[in-house]
**Q** 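Handing you this structure, nothing more for now.
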Amino acid sequence: MTGPAVGPAPDDGEGERLLGSRAPHFIKRSRTLHISWQVGVFVVGLAVVGAGVAMLVLPGPGWVVIFGGMAIWATEFVWAQLVLRWTKRKVTEAAQRALDPKVRRRNIVLTTVGLVIVAVLCGVYLWKFGLVMPWSIDE
């Protein structure tokens, strides 16, 4: 008896994998085992997403961990696969827009103008109040 073929997952002709569960075949055969597998994947994904949400306010790579949890969910759930495909498409579009010479030029000009404004405000503050450290103020 031979097992299922091992190799790359089938795609939809556009280089993207088909939607659906990636559970091993022996797990998919038993409904109870498959539901248990999905619950386990959901709980692990939820723990990773929860850790990522905590890292948004604590030190750590919050968004990276959240997307890692979404990738875990995407191994079993179509909705997570669709969210990740949408996110990947939007990130790719944003990267392409950022590489556009007009957009890059505009961003450089806006950054320069912003830095000049901040420098002028700092100069005015220092001219008006001088450089006095908070711990050396005598009252």
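Just so we're clear, the structure is a prediction, and the values are computed from it rather than from any experiment.
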**Q** Would you please name every residue forming a side-chain contact (heavy atoms from CB on, under 4.5 Å) with L121, sequence neighbours left out?
**A** I117
**Q** Between L33 and I35, is there a shared hydrophobic cluster once you connect ILVMFWY residues whose side-chain heavy atoms come closer than 4.5 Å?
**A** no
**Q** Can you measure from CZ (R105) to CG (L110) and round to the nearest 0.5 angstrom?
**A** 12.5 Å
**Q** Enter the distance from M70:CE to W63:CH2 here, rounded to the nearest 0.5 Å.
**A** 11.0 Å
**Q** So which heavy atom on M55 is nearest to which on V65, and how close?
**A** SD-CG2, 3.7 Å
**Q** Minimum heavy-atom separation for A74 to L84, with atom names?
**A** CB-CD1, 3.5 Å
**Q** According to the ring-ring contact (aromatic ring centres under 6.0 Å, His included) rule, which pairs have a member within residues 92-126, sequence neighbours left out?
**A** Y125-F129
**Q** To the closest 0.5 Å, what do you measure between CD (Q81) and CD (E76)?
**A** 8.5 Å
**Q** May I ask whether W86 and V64 are part of the same hydrophobic cluster, defined by side-chain heavy atoms of I, L, V, M, F, W, Y residues being less than 4.5 angstrom apart, directly or through others?
**A** no
**Q** Step through the shown structure and confirm whether more than 12 heavy atoms of other residues, nucleotides or ligands are within 6.0 Å of CH2 on W127.
**A** no
**Q** Suppose we screen for salt bridge (charged side-chain N to carboxylate O under 4.0 Å, His left out). Which residues come up paired with K102, at least two apart in sequence or across chains?
**A** none
**Q** For residues D100 and Q96, determine if any side-chain heavy atom of one lies less than 4.5 Å from a side-chain heavy atom of the other.
**A** no
**Q** Are V78 and V39 linked, directly or through intermediate hydrophobic residues, by side-chain heavy-atom contacts shorter than 4.5 Å (ILVMFWY only)?
**A** no
**Q** Working to the nearest 0.5 Å, report the span between OG1 of T111 and CD1 of I108.
**A** 7.5 Å
**Q** For the residue pair F77 and F42, categorise the inter-ring angle as parallel (less than 30°), tilted (30 to 60°) or perpendicular (more than 60°).
**A** perpendicular
**Q** Checking V91 now: which residues fulfil side-chain contact (heavy atoms from CB on, under 4.5 Å) with it, not counting sequence neighbours?
**A** T87
**Q** Can you list the residues that meet the side-chain contact (heavy atoms from CB on, under 4.5 Å) rule with N107, with sequence neighbours excluded?
**A** V103
**Q** Report the C-alpha separation of W73 and V83 in whole Å, then their side-chain angles, then the decisive distance to 0.1 Å, and conclude whether the side chain to side chain contact (heavy atoms under 4.5 Å, CB included) test is met.
**A** CA-CA 10 Å; W73 279 338; V83 167; over 6 Å; no
**Q** Partners of V120 by side-chain contact (heavy atoms from CB on, under 4.5 Å), sequence neighbours excluded?
**A** V116, V124
